[in-house]
A.B. asks: 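Next up is a structure, given as structure tokens.
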Amino acid sequence: MQVDRLGGGGLIDRTKTLNFTFNGRPYRGFEGDTLASALLANGVRLTARSFKYHRPRGIVGSGVEEPSTLVELMGEDASGNRPVTTVPLREGLVAKSVNCWPSPEFDIGAVNQLFARFIPAGFYYKTFKWPNWHLYEPSIRKAAGLAGAPVEAPKSGHFENRYAHCDLLIAGAGPAGLMAALAAGRAGQRVMLIDEGMQAGGSLLNRNLTIEGKPAMDWVATTVCELDAMPNVTQLQNATVWGYREHNFVMVNERAPEHPSILERNWRVRAARVLCSTGAIERTLVFGNNDRPGVMLASAIQAYVNRYAVRPGKRAVIFTNNNSAYGVAADMAAAGIDIAAIIDSRETVPDAARAAVPKQEILSGHVVYSTHGGRLVKAVSVMPSNGGATRRIACDLLAVSGGWNPAVHLWSQSRGTLAYDEALSTFRPDTPVQNAISAGAANGDLTLADALRSGAEAGAGGGKTPEIPASDDLPYAVEPIWRVEQARGKAFLDMQNDVSVDDVHLALREGYDNVEHVKRYTTGGMGIDQGKVGNINIIGTVAIQKGLPLDEVGTTTFRAPYTPVSFGAIGGIREGSVSLPYRHTPITAWNLANGAFMYESGARWRRPGYFPRTGEGFQDAVNRECRAVRNDVGVYDGSPLGTFELKGRDVDKFLDHLYTNIMSTLKPGRARYGLMLSDDGLVADDGVALRLSKDRWIISTSTGHADAMNAHMEEILQTEFPDYNVFITTVTSQWNNVTICGPKAREVMEALGTAIDISPETLPFMAFADGHVAGIPARIVRVSFTGELSFEVNVAPRDLLALWEMTLEVGAPFGIAPIGSEANHVLRVEKGFLSLGHEVDGPIDPYDLGLGWAMSKKKADYFGKRSVALRRDGTTNRRELVGVIPEPDRMIPEGAPLTPGGERKATEGFVTACVYSTVHDRWVGLALLENGHSRHGETVHVRLNEGVIPARVTPPIHYDPEGERLRS
Amino acid sequence: MTYDAKIDRLPIFALFDLKGPQEALSKWAKDTPAFPKGPNKLTHKASATLCHIGPRRWLLRDDLENEATWSASLNPEEAPADISIVRVSDTQTFFRITGPDASEVMSIGCTLDLHPAVFADDAVSYTEFFGCKALVLRCEHGFDCAVEQSFGNMIKDFLNRATA
Amino acid sequence: MMNIPCPFCGPRNEAEFAFGGPVKPHRPDPNAVSEVEWTQYITTVPNPLGPVEERWWHVKGCGTWLTIWRDTRTHDIVEGPGDAG
Ligand SMILES: [Zn+2]
């Protein structure tokens with residue numbers, strides 16, 4: 001039974017009954033209800049327990065300001081900690097209160113009320129600090145009772161991100177926002193009109209006002225219709241502008257896009273101009289037991305009565321310090337609510353306010369100082385502000401209105417300043433910093449006529465202002481009251497976090513007297529509602545206590561999000577296969593079909609690690625692949641290597657500056673290994689340069705450094721040497737390659753068939769030639785990353801798969817095996833070839849790596865030359881690259897420290913790599929060791945948790961030190 | 001389908017990267033469409049499109065069947081020292097997104113303002129698409145969008161998810 | 001998300017750019033300066049609270065390396081001392 005549903009009126013559809021469940025009990029509401037209005041219609045008044053003390057709580061607000069009742073939605077749209085007032089009712093909705101178990105009526109945590117005086121502000125900070133707050137946090141959160149995150153992703157759809165651009169973004173489709181949209185839309189501007197409600201209208205939805213002599217909602221409907229017809233206007237409802245970033249970049253969370261498979265959409269909008277027409281939020285009043293169920297914001301009651309046709313009580317008291325509550329009183333009376341009294345803290349009530357409720361008893365100069373009752377307010381205690389006889393008035397509803405605060409959150413996020421307005425006794429927008437404006441109640445224009453006018457002017461932006469329709473409204477006047485001095489019982493400033501006046505006083509006594517410190521120490525304003533109804537009272541309480549005016553106390557910083565945004569909406573579709581960027585070469589499908597174990601191996605490339613055969617483990621597969629290369633022939637896809645074509649008259653000069661060794665002497669058709677340093681002497685990259693002709697080159701970089709080297713080269717050319725004639729074109733994905741390596745590589749090449757003379761005499765090591773291989777246009781390059789005879793066959797990606805499959809086919813008689821990056825790693829460690837991620841870190845220079853030969857003495861200058869000289873000057877005990885042979889034979893983990901004698905002393909180096917060498921049939925490694933070059937033959941010690949491992953120091957080349965095989 | 005849009009992964013185009021002073025390039029590259037008048041603009045001639053994609057930088061696109069003809073005519077190997085011509089046909093994977101909702105699909109991945117008043121028929125630009133560098137231009141009823149070839153599979157995944 | 005003006009493309013989303021750090025003085029001839037001067041060039045990076053001249057690379061756009069003056073307190077792109085008038 002919807003016992004408190006009014007017989008008529010409201011913006012609900014009484015023909016559509018919706019069934020829902022709250023805390024396990026079934027109820028009914030109507031289409032157009034929120035969960036809050038439906039609960040109130042069903043007479044449900046106790047809806048929550050408070051966060052810290054587990055005090056009984058009810059519904060206080062009607063929108064995003066709701067500080068009291070949070071619910072958890074179950075099932076398909078599972079989500080936690082939703083203000084009950086922002087949940088649209090739908091058929092089958094299942095919700096429960098947070099903060100209480102098993103129900104708000106019978107709540108085990110309520111024993112906390114008995115200990116309330118032992119849980120003051122800062123209690124958690126003082127109590128749970130050793131050894132670490134994080135140890136306590138999970139159980140405290142659980143006791144606090146906030147809902148957990150949903151355990152699985154929704155099945156019914158996905159989240160989406162979208163970029164947008166507009167001339168004017170309007171936050172809030174109330175009277176000001178709608179007028180602004182009309183003005184800008186008619187002028188042909190690209191407008192986005194964003195509103196957090198289910199339908200446009202803002203405060204007009206909740207109030208009984210007229211525009212042009214007709215119900216204001218008629219004007220809203222006409223306006224929405226006109227805007228709808230404009231192709232240059234985008235209207236979003238149930239969408240919140242939740243973040244305002246630098247350069248007018250604005251975030252919008254659209255909670256129910258029209259596409260059924262999109263759960264939520266997050267818009268990232270670049271707006272030339274932003275209008276904050278975000279309305280105003282009524283503030284609560286601070287007196288004893290002001291949190292009891294049945295104490296509600298006056299404006300919320302107005303919304304329930306007018307918009308939802310709900311009567312939240314039968315006999316009401318109204319407590320106010322301003323005029324707006326008188327309009328509410330009139331609406332309440334019209335809905336049949338008996339108004340016992342209006343308590344106005346002002347000594348003189350303006351005639352205009354009195355005129356709204358002509359026959360009503362008004363106790364001016366009075367305050368409510370406490371409420372009575374258990375799970376519902378039963379009476380209030382009232383007394384004159386200046387002292388005197390108290391009076392108890394029975395009621396089941398207390399409407400409170402502490403005046404209005406412009407919703408300046410978005411404005412403040414834009415870094416616009418605020419000024420304290422004495423007449424309105426609140427902070428309102430002052431000076432913009434970005435291209436932002438504010439209008440309507442958000443600007444402190446608190447009557448309808450002012451809102452319509454300021455919205456129209458803001459939207460026109462200096463252009464033609466549309467005609468302002470005539471409207472009626474009560475003039476606004478307020479006298480601030482930040483707390484009732486005579487309060488008896490806990491007087492809450494922040495209901496959601498259970499922060500009372502006493503807590504703020506305690507914080508101030510303990511020295512936390514900056515408003516930001518008060519916030520953090522008491523947690524006031526740090527709840528999900530971000531203190532929308534109560535923060536100003538905290539500021540007021542601090543001001544009274546410190547004897548300062550409010551503008552000197554100032555506000556805390558307003559941060560995004562304005563209201564909670566689900567993580568899914570922020571993440572968009574980035575999950576699973578697209579959570580990180582990844583890259584593929586054209587033979588990925590082949591690799592997967594052939595059982596390759598694929599993983600990311602630098603610069604987002606997915607590469608095969610190894611190709612296990614049936615029943616083969618990791619080490620067996622890698623050993624087999626290594627043996628194939630050392631004894632017969634192996635083949636791998638070397639495509640991800642960074643590759644650049646350089647062209648121009650000054651490439652010689654440029655490369656000589658870029659590399660440590662001389663490149664300009666290289667002849668066309670030949671290749672040269674080169675080393676690149678950053679100008680502070682760090683090893684930046686190494687690679688091979690190929691000279692195609694006098695002024696055309698191809699250079700390669702390591703896979704992981706390709707982007708960084710590209711940036712480096714372009715920066716130098718554009719900023720340091722703008723007069724150099726050099727053009728760089730990235731061709732990493734124009735030249736893929738199949739690299740055939742091993743003693744039988746030449747036989748496989750011949751089997752593939754090529755007219756290029758690949759004899760060692762004509763095409764020696766570090767030479768290349770263009771032609772065809774297996775009928776495919778190709779460039780053969782004689783480089784080797786494995787230490788074996790090696791042919792890098794470069795082709796266009798369109799031909800890679802064909803060449804790859806042919807290579808395996810014709811190579812089969814020679815025992816060819818595809819090899820992955822794991823075997824490649826073993827083979828390069830055996831050869832002592834550098835891997836930038838392993839052997840190179842900050843302090844290491846080319847001399848330490850045994851690459852002193854690459855540091856040109858002839859060139860006067862190149863990147864890093866001076867810095868390396870400077871760093872080496874006077875330093876002793878450099879860490880130098882050596883080989884290590886663990887004795888006894890075992891694996892040493894990468895990065896394992898070497899200490900003198902294996903004792904607990906400062907390290908003298910570390911193991912950079914350790915692999916199982918199939919040619920030696922044992923583990924071998926590389927290490928960086930202090931003065932390592934002069935310590936070959938010594939025994940050093942690896943210090944591990946499990947014990948000390950001795951290792952013999954050797955030269956860093958474990959295999960074919962003369963390089964005969966790779967030259968063959 | 002969330003969106004009324006068709007997504008095709010296109011076969012590769014013939015692509016040539018042209019760099020250098022416009023005067024020197026136009027003297028060497030004779031058969032190309034006329035050099036576009038401004039930054040991030042394009043011109044057409046028959047099936048070929050010439051895009052001005054950076055300072056002293058153009059991209060020539062044509063059907064793959066014309067690649068050999070362009071290779072012979074542009075002759076990268078013999079081009080003068082002060083200009084650079086590189087065949088880059090394989091470096092880009094093109095997606096064609098067409099249909100009534102094409103711009104909505106684009107807006108999920110692309111940060112650029114593609115409103116017709118801002119990004120007209122003769123517009124072209126490198127920008128961002130699902131986090132990758134991407135070339136965007138208009139085609140009939142929609143957009144062509146190219147990413148570095150090795151990211152093609154990932155962008156396909158993104159587009160599948162976006163339109164699921 | 002800043003909106004960075006590119007001399008070729010016009011204003012573009014920050015995501016299209018790579019940060020190149022504050023602009024350092026022009027690279028001196030390493031053989032013509034003292035150790036101290038070289039070390040200072042290498043290690044001293046401007047880091048003011050306020051406007052700083054910075055390099056950004058339009059890597060996902062036209063490839064231009066450009067400079068802007070950015071106020072480190074606000075992300076506002078401001079006129080540099082040399083830009084006025
Ligand atoms: Zn640019």
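Because the structure is predicted, anything quoted here is derived from the model rather than measured. The figures that follow rest on heavy atoms only: side chains count, while hydrogens, waters and symmetry mates do not. Chain A is the first sequence line, chain B the second, and so forth, proteins listed ahead of strands; every chain is numbered from 1.
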A.B. asks: Take B:Phe158 and A:Arg574 through the side chain to side chain contact (heavy atoms under 4.5 Å, CB included) test and state the conclusion after the steps.
C.D. replies: CA-CA 8 Å; B:Phe158 263 118; A:Arg574 283 174 299 174; 4.0 Å; yes
A.B. asks: Under a 4.5 Å heavy-atom cut-off, does chain A meet the side chain of B:Gln92, its backbone, both or neither?
C.D. replies: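 Neither; nothing under 4.5 Å.
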A.B. asks: Looking at every non-hydrogen atom in both residues, tell me the closest pair between A:Glu645 and B:Ile85 and how far apart they are.
C.D. replies: OE2-O, 4.3 Å
A.B. asks: Side chain from CB out, backbone as N, CA, C, O: work out which of these in B:Leu18 comes under 4.5 Å of a heavy atom of chain A, or both, or neither.
C.D. replies: neither
A.B. asks: What part of A:Ile728 lies closer than 4.5 angstrom to a heavy atom of chain B: side chain, backbone, both or neither?
C.D. replies: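 For A:Ile728, backbone heavy atoms alone lie under 4.5 Å from chain B.
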A.B. asks: If you compare all heavy atoms of B:Gln149 against all heavy atoms of A:Ser733, which two are closest, and at what distance to 0.1 Å?
C.D. replies: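 For B:Gln149 versus A:Ser733, the nearest heavy atoms are NE2-O, 3.2 Å.
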A.B. asks: How far apart are the closest heavy atoms of A:Asn725 and B:Ala81, and which atoms are they?
C.D. replies: OD1-O, 3.5 Å
A.B. asks: Quick one: what part of A:Arg606 sits under 4.5 Å from any heavy atom of chain B, side chain, backbone, both or neither?
C.D. replies: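 A:Arg606 has no heavy atom closer than 4.5 Å to chain B.
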A.B. asks: Tell me, side chain or backbone of B:Leu112 under 4.5 Å from chain A's heavy atoms, or both, or neither?
C.D. replies: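 Backbone of B:Leu112 only, per the 4.5 Å heavy-atom cut-off to chain A.
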A.B. asks: Counting only non-hydrogen atoms closer than 4.5 Å, does B:Cys132 touch chain A with its backbone (N, CA, C, O), its side chain (CB onward), both, or neither?
C.D. replies: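 It is neither, since no heavy atom gets under 4.5 Å.
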A.B. asks: Would you say the side-chain atoms of A:His165 pair up with the backbone N or O of B:Thr111, donor to acceptor, closer than 3.5 Å?
C.D. replies: yes
A.B. asks: Tell me, side chain or backbone of B:Arg87 under 4.5 Å from chain A's heavy atoms, or both, or neither?
C.D. replies: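 Contact with chain A is through both the backbone and side chain of B:Arg87.
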A.B. asks: Less than 4.5 Å to any heavy atom of chain A: does that hold for the side chain of B:Pro80, its backbone, both, or neither?
C.D. replies: backbone
A.B. asks: Could you grab the distance from atom CD1 of B:Ile108 to atom CD1 of A:Ile262, nearest 0.5 Å is fine?
C.D. replies: 6.0 Å
A.B. asks: For a quick test of reading the model, state the closest non-hydrogen atom pair linking B:Pro76 to A:Lys647 and the distance between them.
C.D. replies: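 Taking B:Pro76 first and A:Lys647 second, the nearest heavy atoms are O-NZ, 4.4 Å.
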A.B. asks: Under a 4.5 Å heavy-atom cut-off, does chain B meet the side chain of A:Ser693, its backbone, both or neither?
C.D. replies: neither
A.B. asks: Under 4.5 Å heavy-atom distance to chain A, tell me which part of B:Ala117 shows up: side chain, backbone, both or neither.
C.D. replies: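 For B:Ala117, there is no contact with chain A at all, as no heavy atom is under 4.5 Å.
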A.B. asks: Give a yes or no on this: more than 12 heavy atoms of other residues, nucleotides or ligands lie within 6.0 Å of atom NE2 of B:His141.
C.D. replies: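 12 or below, so no.
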A.B. asks: With a sphere of 6.0 Å drawn around CZ of A:Arg245, does it hold more than 12 non-hydrogen atoms of other residues, nucleotides or ligands?
C.D. replies: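 Counting other residues, nucleotides and ligands, CZ of A:Arg245 stays at 12 neighbours or fewer.
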A.B. asks: Could you walk me through whether B:Thr91 and A:Thr730 pass the side chain to side chain contact (heavy atoms under 4.5 Å, CB included) check?
C.D. replies: CA-CA 9 Å; B:Thr91 62; A:Thr730 306; over 6 Å; no
A.B. asks: Could you look at A:Ile573 and say if it's the side chain, the backbone, both or neither that has a heavy atom under 4.5 Å from chain B?
C.D. replies: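 For A:Ile573, heavy atoms of backbone and side chain both lie under 4.5 Å from chain B.
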A.B. asks: How about A:His259 and B:Glu104: do any of their side-chain heavy atoms sit closer than 4.5 Å?
C.D. replies: yes
A.B. asks: Less than 4.5 Å to any heavy atom of chain A: does that hold for the side chain of B:Ile12, its backbone, both, or neither?
C.D. replies: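 Only the side chain of B:Ile12 comes within 4.5 Å of chain A.
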A.B. asks: Evaluate the criterion side chain to side chain contact (heavy atoms under 4.5 Å, CB included) for residue pair B:Glu77 and A:Asp770; output intermediate values, then yes/no.
C.D. replies: CA-CA 12 Å; B:Glu77 287 79 12; A:Asp770 290 358; over 6 Å; no
A.B. asks: Under 4.5 Å heavy-atom distance to chain B, tell me which part of A:Arg649 shows up: side chain, backbone, both or neither.
C.D. replies: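 When you check distances to chain B, atoms from both the backbone and side chain of A:Arg649 fall under 4.5 Å.
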A.B. asks: Do you know the tightest heavy-atom contact between A:Gln734 and B:Val88?
C.D. replies: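 That closest heavy-atom pairing would be OE1-C, 3.0 Å.
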A.B. asks: Non-hydrogen atoms of chain A under 4.5 Å away: do they reach the side chain of B:Asp17, the backbone, both or neither?
C.D. replies: side chain
A.B. asks: Salt bridge check, B:Lys133 against A:Asp707: does any charged N sit closer than 4.0 Å to a carboxylate O?
C.D. replies: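 No salt bridge links A:Asp707 with B:Lys133.
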A.B. asks: On a heavy-atom basis, which atom in B:Ala162 and which in A:Glu160 lie closest, and how many Å separate them?
C.D. replies: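 Distance-wise, the nearest heavy atoms are O-OE1, 4.4 Å.
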A.B. asks: Using non-hydrogen atoms and a 4.5 Å limit, figure out which bit of A:Arg268 sits close to chain B: side chain, backbone, both or neither.
C.D. replies: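 For A:Arg268, no heavy atom lies under 4.5 Å from chain B.
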A.B. asks: Highest number of heavy-atom pairs under 4.5 Å with chain B: which of A:Tyr582, A:Trp735, A:Trp267?
C.D. replies: A:Tyr582
A.B. asks: Chain A: which of B:Gly20, B:Pro55, B:Gly152 shares the most heavy-atom pairs with it under 4.5 Å?
C.D. replies: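 It is B:Gly20.
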A.B. asks: What's the verdict on side chain to side chain contact (heavy atoms under 4.5 Å, CB included) for A:Phe727 and B:Arg57, showing C-alpha distance, side-chain angles and the deciding distance?
C.D. replies: CA-CA 10 Å; A:Phe727 297 107; B:Arg57 193 176 162 205; over 6 Å; no
A.B. asks: Can you tell me how far apart CG (A:Asn161) and CZ (B:Phe130) are? Round to the nearest 0.5 Å.
C.D. replies: 9.5 Å
A.B. asks: Side chain from CB out, backbone as N, CA, C, O: work out which of these in A:His158 comes under 4.5 Å of a heavy atom of chain B, or both, or neither.
C.D. replies: side chain
